[in-house]
**Q** 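The structure is given below, and queries will be raised subsequently.
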Amino acid sequence: MISPAPTSVPQPLGRRLLAEFLGTGLLVAIVVGSGIAAADLSPDDVGLQLLENSMATVFGLAVLILMLGPVSGAHFNPVVTVADWFLSRRDPEGFSAAHIGPYVVAQCVGAIAGGLLANAMFGVGTSFSEHERASGGHLLGEVVATAGLVLLIFALVRSDRVALAAPAVGAYIGAAYWFTSSTSFANPAVSLGRMFSDTFAGIAPSSVPAFVVAQIVGAAIGVALVLALYPFPSPHAHQGEPHA
């Protein structure tokens, strides 16, 4: 979901797809697994459950960016992948349009695998979630959460501050758990993965399409804000992944 941090050495596409699969899968496992643990540990306090869930996500996300960013850019998020391509499409070293499809497939498959892994670790049966979330307020929250995420990531990229991506993105998602009504999914792949867990962190399949549409709208707004605030990248900043 994260930072399109450039690598110093171009990585083979297969290695980058493995990193996106692992990163997105582990991200969903962190979100779902910590949600299950929070519900078990604090069954009578939803606020404490959300605090436990959000703190695990903050730290886990930052670690995943640091661990896998040098390989794939640590997108872990289809809207970040598409935004990366769009904002770097005139850069010969920018993210290639040919890699959008493979990245998105790796992210979505990884997200589903991560949800199943979390269920297996906690001995929770896999079933579709019954948590309906697609109210008007929740969808507005997704627009806001996704717009802010895209703006943050590419503001860092275009101002040559990618080294701050891990703590900054982790902090933003942690805050957005609380200031958005949707608890900040902000990621179509994560929304898909969380559909397979009928737990505290799940989302009903009927809510996922509306969430994805809201996330796409939010990403478009985020890209527009990036272009308005940072129309020209820093001379030392490079978006996207070097071509393999």
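Not measured: the values here are computed from a predicted model.
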**Q** Compare every heavy atom of A83 with every heavy atom of V150, then report the nearest pair and how far apart it is.
**A** CG1-CB, 4.3 Å
**Q** Please collect all side chain to side chain donor-acceptor pair (under 3.5 Å) contacts where either partner lies in residues 214-228, sequence neighbours excluded, each pair once.
**A**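 Counting only pairs at least two positions apart or across chains, the side chain to side chain donor-acceptor pair (under 3.5 Å) contacts touching residues 214-228 are E142-Q215, S191-Q215.
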**Q** With side chains defined as the heavy atoms from C-beta onward, is the minimum distance between R158 and F232 less than 4.5 Å?
**A** no
**Q** Please determine whether side chain to side chain donor-acceptor pair (under 3.5 Å) holds for the pair S96 and W85, giving the CA-CA distance in whole Å, both sets of side-chain angles, and the decisive distance to 0.1 Å.
**A** CA-CA 6 Å; S96 170; W85 162 75; over 6 Å; no
**Q** According to a hydrophobic-cluster definition based on side-chain heavy atoms being under 4.5 Å apart (Ile, Leu, Val, Met, Phe, Trp, Tyr only), do M55 and L66 belong together?
**A** no
**Q** Mark yes or no for whether R133, through its side chain, and G202, through its backbone, hold a donor-acceptor pair below 3.5 Å.
**A** yes
**Q** Determine yes or no for a side-chain-to-main-chain donor-acceptor pair under 3.5 angstrom, with N53 supplying the side chain and V31 the backbone.
**A** yes
**Q** Using ring pair (Phe, Tyr, Trp, His ring centres under 6.0 Å) as the criterion, list what pairs up with F211, not counting sequence neighbours.
**A** F185
**Q** Are any side-chain N or O atoms of N187 and backbone N or O atoms of F76, one a donor and one an acceptor, separated by less than 3.5 Å?
**A**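 Indeed, once roles are kept as given, a pair shorter than 3.5 Å links the two residues.
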**Q** Mind checking side chain to side chain donor-acceptor pair (under 3.5 Å) for R89 and listing every partner two or more places apart, or none if nothing turns up?
**A**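 Partners of R89 under the side chain to side chain donor-acceptor pair (under 3.5 Å) test: none.
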**Q** S197: what forms a side chain to side chain donor-acceptor pair (under 3.5 Å) with it, not counting sequence neighbours?
**A**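 For S197 the side chain to side chain donor-acceptor pair (under 3.5 Å) partners, ignoring immediate neighbours, are N119, T199.
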**Q** Hydrophobic cluster membership, with links at side-chain heavy-atom distances under 4.5 Å among I/L/V/M/F/W/Y: are V63 and I65 in one?
**A** no
**Q** Among pairs that include at least one residue of residues 20-45, which meet ring-ring contact (aromatic ring centres under 6.0 Å, His included), considering only residues two or more places apart or in two chains?
**A** none
**Q** Can you measure from CD (Q49) to CZ (F200) and round to the nearest 0.5 angstrom?
**A** 5.0 Å
**Q** Might you point out which heavy atoms bring I30 and T57 nearest each other, and give the distance in Å?
**A**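 I30 and T57 have their closest heavy atoms at CG2-CA, 4.0 Å.
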**Q** Name all residues meeting the side chain to side chain donor-acceptor pair (under 3.5 Å) criterion together with S181; count only those two or more places apart in sequence or in a different chain, and write none if there are none.
**A**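 With neighbours one apart ignored, the set is empty.
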**Q** Please, which pairs that meet ring-ring contact (aromatic ring centres under 6.0 Å, His included) have at least one residue in residues 30-51, sequence neighbours excluded?
**A** none
**Q** Not counting sequence neighbours, which residues clear side chain to side chain donor-acceptor pair (under 3.5 Å) with Y230? List them please.
**A** none
**Q** Please table the atom pairs, donor to acceptor, closer than 3.5 Å between any side-chain atom in residues 109-116 and protein atoms at least two apart or in another chain.
**A**
none

**Q** For L152, check side chain to side chain contact (heavy atoms under 4.5 Å, CB included) against everything at least two apart and list the hits.
**A** L156, A168, V169, Y172
**Q** For residues 218-228, pull every pair meeting side chain to side chain donor-acceptor pair (under 3.5 Å), keeping only residues two or more places apart or in separate chains.
**A**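 Applying side chain to side chain donor-acceptor pair (under 3.5 Å) to every pair that reaches into residues 218-228, excluding sequence neighbours, yields nothing.
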**Q** Determine whether more than 12 heavy atoms belonging to other residues, nucleotides or ligands lie under 6.0 Å from atom CD of E130.
**A**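 Count not over threshold, so no.
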**Q** Supply the atom-to-atom distance L26 CG to L61 CG, rounded to the nearest 0.5 angstrom.
**A**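 Spacing of CG (L26) from CG (L61) equals 11.5 Å.
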**Q** If you round to the nearest 0.5 Å, how far is NE2 of H99 from OG of S72?
**A** 12.5 Å
**Q** Check the pair E52 / S42 against side chain to side chain donor-acceptor pair (under 3.5 Å), numbers first and verdict last.
**A** CA-CA 9 Å; E52 292 161 348; S42 309; 2.9 Å; yes
**Q** Mind checking ring pair (Phe, Tyr, Trp, His ring centres under 6.0 Å) for F128 and listing every partner two or more places apart, or none if nothing turns up?
**A** F196
**Q** If you take the centroid of each ring, where Trp contributes its six-membered ring, are F86 and F95 closer together than 6.0 Å?
**A** no
**Q** Counting heavy atoms not belonging to F179, are there more than 12 under 6.0 Å from its CZ?
**A**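 Yes, because the 6.0 Å sphere around CZ of F179 holds more than 12 heavy atoms from other groups.
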**Q** Hey, does the side chain of S184 reach the backbone of A186 with a donor-acceptor pair shorter than 3.5 angstrom?
**A**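 No; judged by distance alone, with no hydrogens or angles, the pair does not exist.
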